[in-house]
Amino acid sequence: MAKLTREMLISQDNMETRVALVEDGQLVELFIERSRRSVVGNIYLGKVADVLPGMQAAFVDIGLEKNAYLYVDDVRLSSEETREARSISSLLSVGQTVMVQVIKDAMGTKGARVSMELSIPGRYLVLTPMTSRRAVSKKIGDARRERLLDLMEAQLPQDTGAIARTVADESDDGDIANDINFLSRVWLRVQRQAREVVAPDILYTEIDLAMRCVRDIFSADYDKLVIDHKNLYEKIMSFMRRSSPQLTRRIQLYRDKGKSLFEAWKLDEDIAQSFRRDLPLPSGGFLVIDKTEALVSIDVNTGSFVGRRSLEDTLLKTNLEAAAEACRQLRLRDLGGIIVIDFIDMEHEASKRKLLDCLAELLQRDRVRTKLVGLDSLGLVEITRKNVSDGLFQMMTERCPHCDGQGRRLSPLTRRIQIERNIRAWVARSKAASFLFAVSPGSYAIVTGAGVNLAANIKADTGKEVRLIAEPGLGLTEALCLLEGDRPARPHLDSQLFLRRGAKSNK
């Protein structure tokens, strides 16, 4: 496969910071930071609030809204303890003070997940002060790997470990030495603060989104880094001059005042599509993506694509396009857990193998850990992907108050019946003779449309007069009784005959 063109775009204003990763002109990842920043990477001095032997876990108060979750495998072992023989109750007790690091943000009703195995990331190395293990990225060649291991062995404290990042392949010995010195100073500061504060308290705060993405992602693999905020541009340039001066020529300040950075790169449509359930494919097929609590399902359909050669060729082409788009959406939406893709059934083993090879190659581009299980007899492919965040959709949307997250709303007939039922219940309870009800504008059109005479039906059955008005802000089946009086109102609804109630009927 040809070399990808990779670009990183950073846009910042007074509302949010957005970082986009673009491959061959397509948006593949989007990170957003608003007033509520991620706490992943932060180190806290916490206090054990509860120990649950049945779950082999503990809850730790680290000063956030919800207690953090600490699983037994994330508890740091002493030299005398073995992983096989331990239990959470033998390792932790209520009230115990522990130093932990957030490895996953709070998601839904769950608090953040934490670990006692700490790490402090730098540009070229990740310091792991709780271990003595030294390791190097698998993407670095053998010669450079040996040199990095020698450098870490010579310069790291005896009981301190580190992992050399892939970007360390672009560094020289002085860069590694500077990173080790910087990270060692940070760790000493964390230890000193831990001795001085009272739990729960924060000991180390991860840097902001823009700087974090530049530090962790931007490398020689990227052709360009474009920033639209002058102060942020200067801050990043200062950092890169110290850490990777050879990459500064790839960093640009975006100056076009007539068009925003994301608009210039035509990313708005990609962002809008990340909220859609159905996504078109180039040849006329489409994907349907559904996220549930248990898994993410992706269904592949040929749609209007009929092909030109044979049925097998048509199915293979649709499946290959679907594989590319599905892998892109996994990254863009940050979908995690179990992902099941229902590809269109193909007869030939060669076609199936080509599809799996394509998937494997596409998943290698994903920075998040993934595992491709394989293709079963039903044409289903199972992929597991590490769950890192709530994802773009959860961050930028909220649950619909009308459908409660189901993606559907009540039909017009159901709404009319429910509104009439609610009004009739109110009228039956009241001794008044006339009423003024408000309903939502959409529902008003339904209950007063052609062939619908709700008020006349109620008057014929009860002898009481009902009038309706539209009022924005009400629910789909909500009827608000504004006024009621002792005798039928004149056409202009003389307010002297009514008593304002301002009470709602049933929703």
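By convention here, the first residue in the shown sequence is residue 1.
- Salt bridge Lys259/Glu263: absent, no basic N to carboxylate O contact under 4.0 Å.
- Judged by distance alone, with hydrogens and angles left aside, the side-chain atoms of Asp61 form no donor-acceptor pair with the main-chain N or O of Asn67 at under 3.5 Å.
- Between Arg212 and Glu206 there is no salt bridge, since none of the side-chain N atoms of the basic residue sits less than 4.0 Å from a carboxylate O of the acidic one.
- The residue from Leu52, Val51, Leu70 that alone fulfils the side chain to side chain contact (heavy atoms under 4.5 Å, CB included) condition with Ile88 is Val51.
- Ring-plane geometry between Tyr222 and Phe218 is classed as tilted, the angle between the planes lying from 30 to 60 degrees on a 0 to 90 degree scale.
- Salt-bridge formation is not detected for the pair Asp270/Arg331: no Lys NZ or Arg NE/NH1/NH2 atom is positioned less than 4.0 Å from an Asp or Glu carboxylate oxygen.
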### Task
Before giving the answer on side chain to side chain contact (heavy atoms under 4.5 Å, CB included), spell out for Ile217 and Arg367 the whole-Å C-alpha distance, their side-chain angles and the decisive distance to 0.1 Å.
CA-CA 9 Å; Ile217 303 174; Arg367 296 179 305 105; 3.6 Å; yes
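- To the nearest 0.5 angstrom, Arg76 atom CZ is 12.5 Å from Leu91 atom CG.
- Of all non-hydrogen atoms in Pro53 and Ser89, the two that sit nearest each other are CG-CB, 4.3 Å.
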### side chain to side chain donor-acceptor pair (under 3.5 Å) assessment of Tyr233 paired with Asn231
CA-CA 5 Å; Tyr233 167 79; Asn231 291 342; over 6 Å; no
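- Within 6.0 Å of the CD atom in Glu196, the count of heavy atoms belonging to other residues, nucleotides or ligands exceeds 12.
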### Task
Please report the C-alpha distance between Asp223 and Thr5 in whole Å, then the side-chain angles of each, then the deciding distance to 0.1 Å, and finally whether the side chain to side chain donor-acceptor pair (under 3.5 Å) criterion is met.
CA-CA 7 Å; Asp223 302 272; Thr5 299; 4.7 Å; no
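- Looking only at distances, no side-chain donor or acceptor of Thr384 sits under 3.5 Å from a matching main-chain atom of Ile338.
- The distance from the SG atom of Cys327 to the CD atom of Gln329 is 10.5 Å, given to the nearest 0.5 Å.
- Checking side-chain atoms of Ser243 against main-chain N and O of Phe239 turns up a donor-acceptor pair under 3.5 Å.
- Shown here for Ala68 and Val114, the closest heavy-atom pair between the two residues is CB-CG1, 3.5 Å.
- What you find for Met237 and Thr248 is that their closest heavy atoms are CE-CB, 3.9 Å.
- Within 6.0 Å of CZ in Arg369 there are 12 or fewer heavy atoms belonging to other residues, nucleotides or ligands.
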### Message
Show, in sequence, the C-alpha distance, side-chain angles and deciding distance for Met99 and Val190, and conclude whether the side chain to side chain contact (heavy atoms under 4.5 Å, CB included) test is met.
### Response
CA-CA 10 Å; Met99 192 187 300; Val190 169; 4.1 Å; yes
### Query
Passes side chain to side chain donor-acceptor pair (under 3.5 Å), Gln12 versus Thr17? Steps please.
CA-CA 4 Å; Gln12 186 179 77; Thr17 299; 3.1 Å; yes
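- Between Arg145 and Asp169 there is no salt bridge, since no side-chain N of the basic residue sits under 4.0 Å from a carboxylate O of the acidic one.
- Other residues, nucleotides and ligands contribute more than 12 heavy atoms inside 6.0 Å of the NZ atom of Lys66.
- Taking all atoms of both residues into account, the shortest heavy-atom contact from Gln56 to Tyr71 is O-CD1, 3.3 Å.
- Ion pairing between Arg165 and Asp216 holds under the 4.0 Å rule for side-chain N and carboxylate O.
- Evaluated for a side chain to side chain contact (heavy atoms under 4.5 Å, CB included) with Ile10, the options Ile251, Asp228, Val214, Val226 yield exactly one hit, Val214.
- Under the 4.0 Å criterion applied to side-chain N and carboxylate O atoms, Arg385 and Asp334 are assigned as salt-bridge partners.
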### Task
Could you please spell out the steps behind the salt bridge (charged side-chain N to carboxylate O under 4.0 Å, His left out) verdict for Asp13 and Arg18?
CA-CA 9 Å; Asp13 54 31; Arg18 296 183 294 173; 5.8 Å; no
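- Atom CZ in Arg134 sits 7.5 Å away from atom CE in Met152 (nearest 0.5 Å).
- With salt bridges taken as basic N to acidic carboxylate O contacts below 4.0 Å, none links Glu146 and Arg144.
- Checked by atom type and distance alone, the side chain of Thr318 never pairs as donor or acceptor with a backbone atom of Thr302 at under 3.5 Å.
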#### Entry: Glu312 and Ser351: CA distance, side-chain angles, deciding distance, side chain to side chain donor-acceptor pair (under 3.5 Å) verdict
CA-CA 8 Å; Glu312 186 77 6; Ser351 299; 2.9 Å; yes
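- For Lys230 and Glu234, the salt-bridge test passes: some basic side-chain N is under 4.0 Å from an acidic carboxylate O.
- With no hydrogens or angles considered, a side-chain donor-acceptor pair links Ser283 and Glu321 at under 3.5 Å.
- A salt bridge links Glu23 with Arg6: at least one charged nitrogen is closer than 4.0 Å to a carboxylate oxygen.
- Salt-bridge check for Asp208 with Lys235: passed, with a basic side-chain N closer than 4.0 Å to an acidic carboxylate O.
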### Task
Please report the C-alpha distance between Leu295 and Ile339 in whole Å, then the side-chain angles of each, then the deciding distance to 0.1 Å, and finally whether the side chain to side chain contact (heavy atoms under 4.5 Å, CB included) criterion is met.
CA-CA 6 Å; Leu295 51 81; Ile339 296 105; over 6 Å; no
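- Side-chain contact of Glu170 with Ser244: a donor-acceptor pair under 3.5 Å is absent, judged by distance alone.
- The structure places CD1 of Ile383 at 5.5 Å from CG of Leu372, a figure rounded to the nearest 0.5 Å.
- Across every non-hydrogen atom of Val94 and Ala49, the tightest pair is CG1-O, 3.9 Å.
- Here the CG atom belonging to Leu151 is positioned 10.5 Å from the CG atom belonging to Asp175, to the nearest 0.5 angstrom.
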### Query
Do Met55 and Val72 pass the side chain to side chain contact (heavy atoms under 4.5 Å, CB included) test, and can you show the C-alpha distance, the side-chain angles, and the key distance before you say yes or no?
CA-CA 9 Å; Met55 296 177 61; Val72 66; over 6 Å; no
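- Atom CG of Asp342 sits about 11.0 Å away from atom CG of Leu287, to the nearest 0.5 Å.
- Across Asn181, Leu188, Val186, Ile180, a single residue satisfies side chain to side chain contact (heavy atoms under 4.5 Å, CB included) together with Ser184, and that is Ile180.
- Under a cut-off of 6.0 angstrom, the local environment of CZ in Phe262 is crowded, with over 12 non-hydrogen atoms contributed by other residues, nucleotides or ligands.
- Checked options Leu27, Ile271, Val28; the residue passing with Leu332 is Leu27 (criterion: side chain to side chain contact (heavy atoms under 4.5 Å, CB included)).
- Between Lys352 and Glu347 there is no salt bridge, since none of the side-chain N atoms of the basic residue sits less than 4.0 Å from a carboxylate O of the acidic one.
- Using a cut-off of 4.0 Å between Lys/Arg side-chain N and Asp/Glu carboxylate O, Asp357 and Arg353 are scored as salt-bridged.
- In this structure, Gly161 and Leu156 approach most closely via the heavy-atom pair C-CD1, 4.3 Å.
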